[in-house]
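Everything below concerns the one structure shown next.
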Amino acid sequence: MKFRINLILLLFGFAIITSCDLQEKPHGFYSEDNFFQTAEDAESGLMYAYDALTFLEYSRGIFWLGEAPSEAVSVKADEGPDVVSLSQWQIDGYPTNSVLENYFQYAYIAINRSNAVIEQVPQGDFDQSLKDKYLGEAYFLRAFNYFNLVRHFGNVPIHESTVSTVSDTEASMSADIDEVYDLIISDLEQAINLLSIDPMLGRADKVAAQSLLAKVYITIASAKENDVPLYTDMEKDVDQMYSNAAQYSGEVVNNQSAYGFDDDLMNIYDIENPRGPEHIFLMSMDRTGEVEGDYSKIGKLFIPYIDGATIYLENNDGTYTPSHDGFSSLQTNSSFYNSFEDDDRRKTDLMVDSVYNENGQLTAEYPGSILYPFTRKYIDPNFIGDKESTKPYLIRYTDVALIYAEAVGPTTEGYQTVNYVRNRAGLGNLQPGLGTDEFRRAIIQERAYELAFEGNRMFDLKRYNLVNDIVPAASNLSDEEVTFYPIPQTELDLNEGI
Amino acid sequence: MNKRIGTKLVALVVVVFSLLLFQSSVYGQDGSTVSGTVLASDGTSLPGVNIVVKGNTSIGTSTGPEGEFELNVPSSDVTLVFSFVGFQTQEIELRGRTELTVTMNEEAIIGEELMVVGYGTTQKSDLTGSVSKVNAEDVADIPASSVESLLQGRVAGLNITNASQDPGAGSTVRIRGGSSLRGSNSPLVVVDGFPIGNAGNLSQINPDNIESVEVLKDASASAIYGSRGANGVILITTKSASEGETNISVKQQTTLSQFTSKLNLWRDPALMAQLSNEGRENSGFQPLYIGEENATGVYYPSVRELQTGSWSTFTEWDDLVFRDYPISNNTTIRVQSGNETTNFSLSGNYFTDRGVYVEDDYEKLGYNLKVSHDIFENLTVSFSNRLNKGIRNYNGGLAYWRNPIRSVYDDDGTYNLVGPNDYSHPMAITENRNDQTKSLDVITFLKAEWQVIPSLQITSRFNYDYGESVQDTYYPDQYTETGDFNNGAAGINNWQSRDIVAETFANFDKTFSDVHNLAATLGYSYERNLSRSSSLNAFDFVNETLRNENMAAGNPELNQVSNDYTHTELVSGLSRVNYTYDNKYLFTATARMDGSSKFGENNKWALFPSGAVSWKAHEESFIDDLEIFDQLKFRASYGISGNQGISPYQTLSRYGLGNYYNDGQWVTAIGPGYEVGRTGQGGIEVLWGGIPNPDLKWETTAQKDLGVDMAFFNNRLRVTFDYYDKVTSDLLRERILPISSGYDRMWVNDGEIQNQGIELQIDSDIISTRNWTFNTSLIFSKNKNEVRSLGNTIESGLNTDPKTGMRFEYWGNSLAQFRQYPNILAVGEAVNVFYGYKTDGIIQNLEEGIEAGLEGDLAQPGEFKYVDLNNDGTINGDDRTIIGDPNPDFTMSLEISGSYKRFDASIFLNGVYGNDVLNTQAFNQPSETPLRWTPDNPTNKYPSLRDSRNTYLSDWWVEDGSFLRIQNLNLGYTMNLWQDNTARFFVNASNLYTFTKFDGYDPEVGSNGIYWGGYPRLRKLTVGVNLSL
């Protein structure tokens, strides 16, 4: 009897083994199993996607890739060999350049996070209008990042859904840049449909999507027209592209009133006024953050090192604005500085050549102990130590307006727009009666002065195939070599899909 | 008259003669009786001893319960033969005696020693696997707070390193080399059948309660522990009472420690100042000791002031920081009693350990209750409860190297702090910092054993382990960095865990037809672990009086909280079959199936089989006839065991957290991808992970073992030899992912390590008589470790040495001193080899430096002359090579012990040979820096003093760490008190002396071979008494 009982217990034990559920239930962390269920979850997931832009690999990368290789600035000699290499066009090192690798990776991190929102939000159980808003913003972000990738690297691997298994990590390259641009265009069109006009600091809305789409079209148009490599082979029609660019930028310029020109040039760059009319899309950071990325140090890249002191900049009204000094990383080239017209306010007011102390005494000037004249666009008078609230200007109204002028060409509206920008800067009107191509090139030059130091210059040079004409260090490189960076070597090694 | 007298005389003679004849025939025939007692060598009586008359075995008897006997013998000349199992047979000639007291000596019987194996026991002679045993009496006198330190050098293949000497510190334990990189390398520890976890910190077990320790080394023995058996298993059996005994024992031991060598500190302030100035001047810095205040307002006297004595302050900080003779104490009282059906034992233990630093100590109080009762004749139920309560007051890390020219106190009586950021004043810290951990451990154990039929036993057992600890910390303002930065930092860290193990198994053992013996074990096991932790930190207090007693008094905006919880389960089925034919040929097969909640979804279940064969050659007649071997047993085994390695939740998808400044406000952002690590300079770049890996599984070890056990000279010389080859594959590694995925890393199984080696143990009983014994035991182990694969080069981010093509990755931590990782994992080399530059003396002039390929500051005279290994004319990273291996070539230990009547003595030597040590302090010590290079002293051994030197990691810093230590010297005296009671007095000296060429205090360092300085090894002198009543 006892024997039988124990035998049954033994067999029972075996039954337990095989039926035991060894499934782990996650404890104390989120995953797709327990997140993205409510509206707050979805918004938080969307914030995570925006946050990817603020990492210094990306936020500084915008300037390392967008400004440093141009004719406007050079990089200090001990900035770091990879940044110096980009600035001096040492293309042999590009496949293993860590700045390129980081920029490349963070664009994809942002894309993956946007994909998570795009996939998961429709399944949540909350208000459709909120769903539309979050989806729209996620589409915008995905397009924004692919647009950065395609302009710098050309053909890139395509991820249209989240990476959640090992096999997902190996995505194949786009067949041609048409494929990438089609994805970008379709994402932005969806974004435009889903979003409404709703200015929010650090967020994108309908106007942002329209602005970006206008940029996309003008890029394709001008690049194909100027025989830029890969763009020349695109299946798009140049005139159609210009017309689309005019259409979308026209929406922004003519058909909304939330954003517009700021008549006060200096006010655009007042850091305490980030909700000014010009700011369609800013990278949101604040000096109260805890780590770099939450707070910004972008200003310090442009400001020269002046003994570690607090410096005072003179304002037009005789007052002084304080600032901390910087790293001397991105140094204005004197050739660029001298190419401004003498009474261009963007030189006289927006660039600094003299620095004072708190009593108004001159302590340093350029030429002299200040190495180079520097921009005032990123000054934060309320800095805390190294921490600033500078928010890079990712999309500005004036930028879109100039695209509009470029797209419509030397028409009345085109001239009107350009002249407003020039007048605001204290300059006279643009020479009338220019041909379409001359007009467009004049606009590109105007953009060089208006959007100086904002991370745009290289994009403009690339789409007009001007890099090896204008940038001295790139003068003996071919068009292919200057237009696109190579896909990082580590990607080629690790990604079996390529 | 004459005729009548003659007849009477003849009649008288006849009568007397007959009487005499009659008398003698009483002895010659069944008339004589012999009686007496038979005793064992320790004086106890021996019942059941067989006594026969030699040559006439039909006449015999056996001894009664008091060892008494009485036998009628045919004559007084006979020889009696006394025999008894386990004792040497004795033949005693009577030579007319009628009273005898016979003492019989125990015969060492080969292999009749019961060994504990996984889920059962086996006779030593029947073992097919490689198992070694340590008896408690052999190590009972060594002072130790934890079990592992007792085992050092006692088992071939078991390598124990005690890198830290702090109170309550653990040890690093390895069996047959380390075979995991990310998972644990520690063997599983099982106490009375209950798996406690990994070896290294077994403070819950009182060493006095241990009966024996068995170490399972090969796969045949450890595979029955399945996914946790790959690193070997240590089985600990605690003492139980035996039948018929009532015993009270008291053990008291007091230990006194002292440094084995003097501390290497500055005792000549003038020389110290002079050398400091030289180092700074050679770097182009302003010297310190110039009789002026420095930039932060601290006055440094000039060298002259120190030489003449006008600055007379000289504080010997080590006197203030270290206790002169730290004393530890260990008291255990045990009561045990038992009869035929019940036995119980209850013991209490109080242990205090004073560390070398003042106010740094550890205290432990515990009790252990075991009760076992036969409910029926064949059903036994046991219960045990073990509780340990520990308190650790931490006051370590004090700066005994503080500048001796500084006084302890200022003139106004406050602490003499040097500058505004002085966080290392030892007295300020001792008197104001709090760091105390209180821990509690309760283990309850319930077991039922049912002997169903003589050949079948079923055991069911249940264990519950509850552990908790609370750590209170307070870092004061001003004297500590955290406290100064936050105006006081208070913390409370809580931890709690609950483990359950429930097992049922059946043991079957039967012999058929006299030659076939079959034993089998079959069972299942279930384990569940829950653990949780939480931590509170508060800062910025108004005053420090309450320390951390009122966390709410801190600034609420600075509060930090964090918590964690894990839940894991393990379900297993186990089986073993042993078949023996004719007691000569043995076969064993085991199999265990483990299902763990930690394994990835696609690999939840794991199977671990093993097989072994063994041949008892000494039972064969042709070996027996040689009359050389008392035992000759060959063993071969092969098996697969696993190492869990994976942490809970590691295989699951995981989101991360961030902060985003949304529309003017900070919000928490959550989404795919979380931070799994940092890289880049200063850890500025994030490494992203979070992709699930449902295929992630345990690390697998396949081990083969060949062994032979031999015994000679009536078992007085015993030799065991093993050769093993362990290959561990499926190592847990992080694979590098394509950056376009948005992720950097994910866990995969990929990589292979091999450990191959031999073990030799030679035990001898040279003298074994009633009054004298003399034994020796020699152990020799040699292990060769090799990394065979680190996965695909690109997916693992491996570097390549351009000279040899060797693939490697940096391992461990980067050292700020050299701005480099010292250890690497290289394919084809042992784990943790050192990688750096080679040197060839010191540069004597600038041309020499430039010719060597150096430039700038590094080419100056007085600098290290690095060797340009690839002859490209410059010294750079390509000139590095393997410059040392911290893994030993072999380890050896020798124990010599003996006894004379009541005295016993033993000496234990432990040696390690061939291990290289990276001595980071090779140029930093007061004994070395005066020997520096100067133009007047152009030595080729030491560089010049230059504070700004960018020092490369080179072979100049690597030394031979081989050592031979007199690890234990033991003397004891056993005294008989009244009746059966004994008292044993003993004196034990540990770490008596170390023979080594190593320059630092002691070459016993961690597995990465890096020596940091610290303080000298402690010599411990223990005096104790063990009363057994």
Side-chain angles (χ1 to χ4, degrees), chain A residues 2-3 6 9-10 13-14 16-17 20 22-24 26-32 35 44-45 47-51 54-55 57 101-102 104-105 108-109 111-113 116 156-157 159 162-166 168-171 200-203 284-286 288-290 294 488 490-491 493-495, chain B residues 450 452 458 460 504 506 522-524 526 563-569 571-573 595-599 601 604 648-649 651-656 658-664 666-674 684-686 688 691-693 736-744 746 794-795:
Chain A
K2 277 183 230 156
F3 178 71
N6 232 288
L9 283 174
L10 213 64
F14 278 112
I16 293 177
I17 294 174
C20 213
L22 295 167
Q23 197 74 346
E24 263 185 326
H27 193 102
F29 56 90
Y30 296 104
S31 67
E32 58 270 4
F35 197 67
S44 183
M47 298 298 99
Y48 204 60
Y50 277 107
D51 198 32
T54 63
F55 281 89
E57 287 87 343
E101 276 173 27
N102 288 338
F104 187 81
Q105 179 180 24
Y108 278 102
I109 290 178
I111 287 169
N112 192 43
R113 296 182 182 193
V156 288
H159 283 280
T162 53
V163 170
S164 38
T165 66
V166 173
D168 288 344
T169 64
E170 292 167 353
M200 275 173 85
L201 178 56
R203 302 279 289 272
S284 181
M285 296 188 272
D286 191 83
T288 54
E290 280 180 12
D294 292 348
T490 143
E491 174 70 15
D493 290 337
L494 287 169
N495 186 347
Chain B
W450 176 29
V452 182
I458 298 186
S460 199
T504 299
L522 187 64
Y524 77 88
Y526 170 75
N563 64 338
D564 192 19
Y565 176 83
T566 60
H567 173 164
T568 61
E569 286 183 341
V571 178
S572 320
S596 167
S597 62
K598 293 196 284 186
F599 297 152
E601 214 174 295
K604 282 287 182 200
Y649 316 125
T651 64
L652 303 178
S653 162
R654 193 166 187 144
Y655 276 6
N659 291 312
Y660 188 64
Y661 196 64
N662 175 35
D663 203 23
W666 287 106
V667 294
T668 305
I670 300 169
Y674 79 105
I684 202 173
E685 289 172 31
V686 177
W688 296 99
I691 301 185
N693 186 355
I736 302 184
L737 297 171
I739 51 182
S740 67
S741 66
Y743 292 97
D744 285 293
M746 106 183 241
I794 295 187
E795 285 175 15

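So that the names make sense, note that chain A is the first sequence line, chain B the second, and so on, each numbered from 1.
- In this structure, the portion of A:Pro157 lying under 4.5 Å from any heavy atom of chain B is its side chain and not its backbone.
- Between B:Ser653 and A:Glu32, some side-chain heavy-atom pair lies under the 4.5 Å cut-off.
- Within the model, atoms CG of B:Leu737 and CG of A:Asp168 stand 11.0 Å from one another, a figure rounded to the nearest 0.5 Å.
- Formation of a donor-acceptor pair under 3.5 Å by the B:Tyr660 side chain with backbone atoms of A:Thr54 is not found in this model.
- The shortest non-hydrogen separation linking A:Ser164 to B:Ile691 is O-CG2, 3.6 Å.
- In this structure, CG in A:Leu22 is found 10.5 Å from OG1 in B:Thr568, a value given to the nearest 0.5 Å.
- Of the two parts of A:Met200, the backbone and the side chain both hold a non-hydrogen atom closer than 4.5 Å to a non-hydrogen atom of chain B.
- With a threshold of 4.5 angstrom between heavy atoms, A:His159 approaches chain B through side-chain atoms but not through N, CA, C or O.
- Taking CE of A:Met47 as the reference point, atom CG of B:Asn659 lies at 12.5 Å (rounded to 0.5 Å).
- Each of B:Gly671, B:Gly595, B:Gly742 has some count of heavy-atom pairs under 4.5 Å with chain A, and the biggest count is that of B:Gly671.
- Annotation for A:Gln23: atom CD counts as buried by contact number, over 12 foreign heavy atoms lying within 6.0 Å.
- Ranked by heavy-atom pairs shorter than 4.5 Å toward chain A, the options B:Thr668, B:Ile736, B:Asp744 are led by B:Asp744.
- Side-chain atoms of A:Glu57 and B:Val686, non-hydrogen and from C-beta on, never get closer than 4.5 Å to each other.
- Between atom OH of residue B:Tyr655 and atom OG of residue A:Ser44 there is a gap of 10.5 Å, rounded to the nearest 0.5 Å.
- Of all heavy-atom pairs spanning B:Ile670 and A:Tyr30, the tightest one is CD1-CE1, 3.6 Å.
- Each of B:Ser740, B:Pro672, B:Ser741 was evaluated against A:Asn112; a single residue qualifies, B:Pro672, per the side-chain contact (heavy atoms from CB on, under 4.5 Å) test.
- Taking CD1 of B:Ile739 as the start and CG of A:Leu494 as the end, the distance is 8.5 Å to the nearest 0.5 Å.
- Per-residue heavy-atom pair counts under 4.5 Å with chain B were compared for A:Ala171, A:Gly289, A:Ala49, and the maximum is reached by A:Gly289.
- Contact annotation for A:Tyr50: both backbone and side-chain heavy atoms come within less than 4.5 Å of a heavy atom of chain B.
- Interface remark: B:Leu652 contributes side-chain atoms only to the contact with chain A (heavy atom separation under 4.5 Å).
- Ranked by heavy-atom pairs shorter than 4.5 Å toward chain B, the options A:Asp493, A:Thr162, A:Val156 are led by A:Asp493.
- For B:Ser597 (side chain) and A:Glu24 (main-chain N/O), no donor-acceptor pair under 3.5 Å exists by modelled atom type.
- Remark: A:Phe55 CZ to B:Ile684 CD1 distance equals 12.0 Å, nearest 0.5 Å.
- Residues B:Pro738 and A:Glu170 approach most closely at CG-CG, 4.4 Å, considering heavy atoms.
- Neither the backbone nor the side chain of B:Phe599 comes within less than 4.5 Å of any heavy atom in chain A.
- Residue B:Thr566 does not touch chain A at all, counting heavy-atom pairs closer than 4.5 Å.
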